[in-house]
Asker: 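This structure is in structure tokens; I'll ask about it shortly.
Worth knowing before you read on, the calculation uses all heavy atoms, side chains too, and leaves out hydrogens, waters and symmetry mates. Convention: sequence-line order gives letters A, B, ...; per-chain numbering from 1.
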Amino acid sequence: MKKFINNPEDVVEEMLEGMAAAHSDELRRLPGWNVLVRKDAPLPGKVGLVSGGGSGHEPAHAGYIGENMLDAAVAGEVFTSPAPDQIFEAIKAVDSGSGVLLIVKNFSGDVMNFDMAAEMAAAEGIETAQVVVKDDIAVERKEDRRGTAGTVLVHKIVGTALEEGLNLQEAVELAHHVTSRLGSMGISLSPSTVPASGKPGFTLADDEMELGTGIHGEPGMERKKIQPADAVAEELLDNVTAELDVKNGDDVIVLVNGQGSTPLMELYIVYRKAAQLLFERNISIHKSMVGEYMSSLEMAGCSLTLLKLDDTLKKYVT
Amino acid sequence: MKKFINNPEDVVEEMLEGMAAAHSDELRRLPGWNVLVRKDAPLPGKVGLVSGGGSGHEPAHAGYIGENMLDAAVAGEVFTSPAPDQIFEAIKAVDSGSGVLLIVKNFSGDVMNFDMAAEMAAAEGIETAQVVVKDDIAVERKEDRRGTAGTVLVHKIVGTALEEGLNLQEAVELAHHVTSRLGSMGISLSPSTVPASGKPGFTLADDEMELGTGIHGEPGMERKKIQPADAVAEELLDNVTAELDVKNGDDVIVLVNGQGSTPLMELYIVYRKAAQLLFERNISIHKSMVGEYMSSLEMAGCSLTLLKLDDTLKKYVT
Amino acid sequence: MELTLNVMKRWLVTADEKMQNHKEYLSELDQAIGDGDHGHNMARGFQAAVENVKENTEEDIGSLIKAAAMTLISKVGGASGPLYGTAFLKASDEWKGKDSLSQDEFTKGLEAAVEGIKTRGKAESGGKTMLDVWTPVLEYIQHHDIAASDLSAKAKESMQQTENMKAEKGRASYYGEESISHTDPGAYSSYLLFEALAEALDKEEA
Amino acid sequence: MELTLNVMKRWLVTADEKMQNHKEYLSELDQAIGDGDHGHNMARGFQAAVENVKENTEEDIGSLIKAAAMTLISKVGGASGPLYGTAFLKASDEWKGKDSLSQDEFTKGLEAAVEGIKTRGKAESGGKTMLDVWTPVLEYIQHHDIAASDLSAKAKESMQQTENMKAEKGRASYYGEESISHTDPGAYSSYLLFEALAEALDKEEA
Ligand SMILES: Nc1ncnc2c1ncn2[C@@H]1O[C@H](COP(=O)(O)OP(=O)(O)O)[C@@H](O)[C@H]1O
Ligand SMILES: Nc1ncnc2c1ncn2[C@@H]1O[C@H](COP(=O)(O)OP(=O)(O)O)[C@@H](O)[C@H]1O
Ligand SMILES: [Mg+2]
Ligand SMILES: [Mg+2]
Ligand SMILES: [Mg+2]
Ligand SMILES: [Mg+2]
């Protein structure tokens with residue numbers, strides 16, 4: 001394990017200190033908590049937007065704090081969901097009295113910890129609602145689907161809408177509307193190593209790739225011989241479009257996400273083929289995002305996310 | 001070599017196609033050339049700003065096309081500087097009659113190719129000037145210093161100033177002023193692999209790091225046992241501050257750049273210590289940048305850049 | 001027999017020792033069908049809970065266990081944090097104000113704990129989780145004298161049986177059929193917890 | 001002897017063959033003290049230049065070599081592109097309008113080429129670059145009958161001598177003392193170029 005760290009147990013604390021120092025014009029840390037908050041939160045009259053999860057997915061989630069996005073992000077240990085008291089602090093810090101929406105990636109730990117935080121908030125009279133993102137279509141059963149890079153689009157769209165004054169109930173409906181039209185699939189070439197364990201999360205042969213991995217390297221649908229980028233792009237795209245029933249005449253947002261050590265060059269090569277295929281199929285790309293939006297430490301791989309737009313959603317795409 | 005590519009010989013072409021498709025609202029590709037141009041260039045009355053170099057450093061340089069930055073970026077083969085005719089096309093595409101400033105990283109190949117392009121432009125009556133960035137203080141002789149991540153700050157500051165109407169001569173002076181106050185040093189943990197060669201650019205033992213590497217993995221000053229992040233940050237910072245004579249009361253921009261596969265988490269841990277030390281030494285951080293600004297494919301490592309500000313430069317820091 | 005405040009304290013302390021000693025092993029189990037952090041999560045959580053116990057001057061079992069619950073909730077993280085935390089919290093409710101528990105009272109707490117895990121985890125036993133240790137252990141205690149019983153053998157046997165189950169909940173469920181032939185990490189840590197209880201009781205007897 | 005348009009064409013074609021055959025080896029040399037692309041750069045450039053020659057209907061040596069120069073400039077990239085390109089371009093100026101060259105005329109072109117490399121690269125011989133082949137080869141041709149001479153032995157010997165030099169220019173200079181005991185890749189490709197010239201002349205004789 002070759003990493004720029006000090007003590008493996010301190011990585012999250014030190015990262016948060018670094019983030020708070022680097023971006024003090026935009027966010028602040030809640031003293032003693034692993035919570036970063038938009039500097040001007042709570043905004044009077046605005047529903048608060050909170051997300052979070054295990055660390056190691058940077059820039060998620062603290063990188064999405066700001067106007068038209070999150071009011072707070074809660075950071076757990078690396079790949080481990082944050083505890084309820086941390087989340088509760090975030091809720092208190094951003095609640096203006098209009099309630100707080102929690103965006104949660106669908107992992108048992110995250111869901112349970114956010115549930116408990118919501119109960120704590122309720123006990124103190126703060127209204128919250130929770131929307132669970134399940135965009136990873138590699139998992140068959142819909143209720144078991146993991147939350148992955150598509151979560152960023154929920155942050156952005158709901159965040160933009162909240163800035164325009166939606167109330168909590170409307171925000172929940174919008175968030176559900178987004179998640180119902182959102183799908184992602186990942187593909188990995190090599191694992192990442194959690195500092196505390198010091199060992200790679202999985203192993204793949206030199207000529208193998210794994211289709212459908214989650215953002216912590218959870219198993220996918222299939223291991224196979226490594227394919228050219230064009231075939232990879234086509235397989236990801238076909239799976240996601242089939243799942244979302246994206247067809248001729250539709251409008252989409254395309255997000256090609258890097259998992260950590262895959263160069264931007266390769267992400268653009270994957271994007272290129274996806275864009276070509278969409279064009280051929282007369283599906284128009286409303287907006288493109290190519291980069292590391294939801295990383296997995298230094299995992300090599302990428303994922304492709306589509307959001308199928310309609311007029312409601314287009315209003316909030318900036 | 002595990003990469004999302006098709007044919008190794010096509011990576012630059014396909015990346016450029018991907019970039020042009022993904023960002024068609026901001027830039028366009030010159031048909032038949034490896035040149036991306038700001039969509040609204042040439043801007044009447046504005047001096048054009050062009051940079052470029054070998055590919056593999058994404059988002060450099062095409063990612064820096066836009067308002068307050070570059071008018072065009074020229075992409076060579078991976079880690080190989082672009083040919084003069086490519087650069088010449090970029091110059092022609094952005095010249096509004098007010099001349100074009102070329103920002104070049106100091107590598108023999110880049111300098112010679114940009115020189116030839118400038119001669120071609122002169123032969124057609126287009127005025128150009130060239131500023132060579134030599135921010136890599138790991139190289140002893142000043143004239144041999146390589147151009148690295150600090151180049152991005154030259155783009156940003158000179159780009160902002162040009163938007164305000166500086167003429168070519170003034171822009172050259174400003175660019176020299178920036179480069180005279182700019183220093184960087186890198187440190188690497190593992191190499192990258194150029195697709196065409198298929199072999200890692202260098203080798204390091206499992207417990208070794210190399211101090212002072214260039215952005216293509218060029219040799220640094222010293223190989224040593226891997227150190228904790230705090231020691232790494234301190235060593236980079238001490239070297240750069242000593243070189244630039246940054247002291248008590250000064251104002252700086254700090255850029256912690258990721259070389260490719262180093263997670264953002266680690267960059268923030270390095271940044272944290274650098275910021276602490278600057279604070280202790282009463283040097284104030286005017287602006288912080290933490291991320292992959294000038295990558296080296298999937299090399300693991302980071303670099304630290306300081307720009308020592310004065311009133312002239314502060315005017316152009318956005 | 002009576003479970004005194006002292007036994008309960010010793011339970012926590014012994015459990016912590018076991019979590020520390022099995023930290024790497026638990027994480028290894030989790031590496032195979034999860035994300036490899038279970039040992040680290042449990043070790044972090046119990047260490048903090050026990051530090052708390054040592055400083056704790058509370059004189060009743062309810063408060064002791066509630067304090068432990070709150071610490072587990074805030075320090076373990078992941079899926080196991082809310083589950084162990086909820087279990088202890090629900091039990092502490094039953095033990096409020098008591099400085100010693102009859103077997104019956106103890107069992108009531110355990111029943112509440114199991115209920116808590118099921119509700120929090122939206123899970124039933126048979127799904128290759130910690131419940132596959134908690135449920136059989138609870139049933140066993142409901143029918144045997146806890147002092148004279150072989151509690152830790154029961155816990156161990158239940159833990160071992162998770163090896164043949166297919167995971168239905170949590171990260172391990174992504175492994176589907178592949179999860180079979182691996183022991184569930186949460187079942188293992190629960191076995192350690194009940195082994196610690198048996199040892200704490202043993203010491204008391206002696 | 002006379003160097004005809006045909007010899008010059010054969011020179012380029014033979015050089016291309018050699019660059020293709022030694023592509024990996026040149027890149028390996030460059031991997032040791034550079035960035036490992038020299039073979040790929042040269043192979044890409046000469047292939048394009050020769051495709052161009054084949055299509056070329058120009059009937060004078062100046063135009064032929066100028067076309068090759070322009071292709072090298074635009075296809076090689078890196079440091080070697082402008083250097084080889086400039087060398088050929090400067091020589092083509094001397095050979096303008098000629099459909100055959102005397103040894104004297106050929107030498108004049110080579111002199112201009114070496115001058116071009118020095119100016120473009122801001123370099124002198126002795127710095128472990130391609131100049132350490134071009135300069136001694138030029139001197140040799142200035143004093144020997146090119147047809148009867150052992151041009152390729154001279155080029156080879158000069159190339160080999162770069163092994164003991166310390167690099168002063170280009171990427172290899174970053175290696176400082178460590179560059180010693182490696183052959184310079186640009187010197188090797190220049191040796192291949194002059195070996196190709198010798199072979200093209202040989203064929204003509206035969
Ligand atoms: N929904 C659930 N119900 C009951 N137990 C669960 C559930 N989800 C996970 N577990 C238990 O938690 C254990 C994993 O805990 P841990 O590794 O600490 O958390 P995470 O899975 O978030 O990394 C599993 O082995 C299993 O016993
Ligand atoms: N300034 C210079 N003057 C003369 N030759 C040079 C100079 N810089 C580099 N070279 C030659 O170029 C060769 C490297 O070419 P190449 O690998 O294609 O380009 P790059 O160094 O840009 O990757 C070196 O081996 C050396 O012979
Ligand atoms: Mg976990
Ligand atoms: Mg090169
Ligand atoms: Mg786990
Ligand atoms: Mg080279």
Side-chain angles (χ1 to χ4, degrees), chain B residues 8-9 12 33-34 53-56 74-89 107-117 119-120 136 138-141 143-146 191-203 212-221, chain D residues 23-45 47-48 69-87 89 116-123 127 129-130 167-179 186:
Chain B
E9 277 161 32
V12 173
W33 299 98
N34 292 351
S55 293
V74 192
E77 290 301 312
V78 179
F79 288 5
T80 299
S81 82
D85 48 349
Q86 302 277 352
I87 303 166
F88 179 43
E89 290 301 317
F107 293 99
S108 322
D110 289 83
V111 172
M112 289 190 271
N113 284 297
F114 275 86
D115 273 345
M116 291 184 82
E119 291 162 15
M120 290 161 110
D136 186 357
V139 178
E140 227 179 279
R141 271 196 309 194
E143 68 271 26
D144 290 346
R145 289 184 175 169
R146 302 170 287 230
S192 61
T193 298
V194 172
S197 107
K199 280 166 253 155
F202 56 90
T203 45
T213 42
I215 57 171
H216 311 91
E218 291 92 347
M221 312 173 339
Chain D
K23 176 165 124 175
E24 299 300 333
Y25 182 66
L26 288 170
S27 282
E28 259 169 53
L29 289 178
D30 194 33
Q31 185 90 342
I33 53 170
D35 59 353
D37 60 356
H38 188 59
H40 292 84
N41 295 346
M42 295 303 289
R44 184 173 56 236
Q47 180 169 12
M70 296 315 288
T71 311
L72 292 177
I73 288 170
S74 80
K75 293 294 174 198
V76 178
S80 46
L83 292 167
Y84 277 106
T86 302
L89 198 61
I117 296 177
K118 287 184 176 172
T119 314
R120 178 63 65 208
K122 301 190 179 67
T129 69
M130 57 176 73
E168 300 287 346
K169 286 281 162 187
R171 282 172 193 292
S173 68
Y174 308 130
Y175 287 80
E177 298 289 332
E178 273 181 65
S179 67

Asker: Mind running side chain to side chain contact (heavy atoms under 4.5 Å, CB included) on Thr86(D) and Met116(B) for me, showing each step along the way?
Answerer: CA-CA 9 Å; Thr86(D) 302; Met116(B) 291 184 82; 3.7 Å; yes
Asker: Once rounded to the nearest 0.5 Å, what's the spacing between atom CG of Asp37(D) and atom NE2 of His216(B)?
Answerer: 9.0 Å
Asker: What residues, two or more places apart in sequence or in another chain, satisfy salt bridge (charged side-chain N to carboxylate O under 4.0 Å, His left out) together with Lys122(D)?
Answerer: Asp115(B)
Asker: How long is the gap from CE on Met70(D) to CG on Asp85(B), to the nearest 0.5 Å?
Answerer: 7.0 Å
Asker: When you measure from the side chain of Gln31(D) to the backbone of Pro200(B), do you find a donor-acceptor pair of N or O atoms at a distance under 3.5 Å?
Answerer: yes
Asker: In terms of heavy-atom pairs under 4.5 Å with chain D, which of Glu119(B), Glu9(B), Arg141(B) leads?
Answerer: Glu119(B)
Asker: Around atom CD of Glu143(B), are there more than 12 heavy atoms of other residues, nucleotides or ligands at under 6.0 Å?
Answerer: yes
Asker: I'd like to verify something: which residue of Pro84(B), Ser81(B), Gly220(B) has the highest number of heavy-atom pairs under 4.5 Å with chain D?
Answerer: Ser81(B)
Asker: Rounded at 0.5 Å granularity, tell me how far CZ in Phe79(B) sits from NE2 in His40(D).
Answerer: 14.0 Å
Asker: Chain D: which of Pro82(B), Ala196(B), Gly76(B) shares the most heavy-atom pairs with it under 4.5 Å?
Answerer: Ala196(B)
Asker: Going by the rule side chain to side chain donor-acceptor pair (under 3.5 Å), which residues pair with Asp30(D) if we only count those two or more places apart in sequence or in a different chain?
Answerer: none
Asker: Using 0.5 Å steps for rounding, measure from the CG atom of Asp35(D) to the CZ atom of Phe202(B).
Answerer: 13.0 Å
Asker: To the nearest 0.5 Å, what is the distance between CH2 on Trp33(B) and OG on Ser74(D)?
Answerer: 7.0 Å
Asker: Determine, for Glu77(B) against Lys75(D), whether the closest basic-nitrogen to carboxylate-oxygen distance falls under 4.0 angstrom.
Answerer: no
Asker: If I compare all heavy atoms of Gly36(D) with all of Ser197(B), which pair ends up nearest, and what's the gap?
Answerer: O-CB, 4.4 Å
Asker: Go through the atoms of Ser27(D) and report whether side chain, backbone, both or neither lie under 4.5 Å from a heavy atom of chain B.
Answerer: neither
Asker: Between Tyr174(D) and Pro219(B), which heavy-atom pair has the shortest distance, and what is it?
Answerer: O-CG, 3.8 Å
Asker: Here's a test for you: under side-chain contact (heavy atoms from CB on, under 4.5 Å), which of Val111(B), Asp110(B), Asn113(B) qualifies with Pro82(D)?
Answerer: Asn113(B)
Asker: Looking at Glu28(D), Glu24(D), Arg44(D), Lys169(D), which one has more heavy-atom pairs under 4.5 Å with chain B than the rest?
Answerer: Arg44(D)
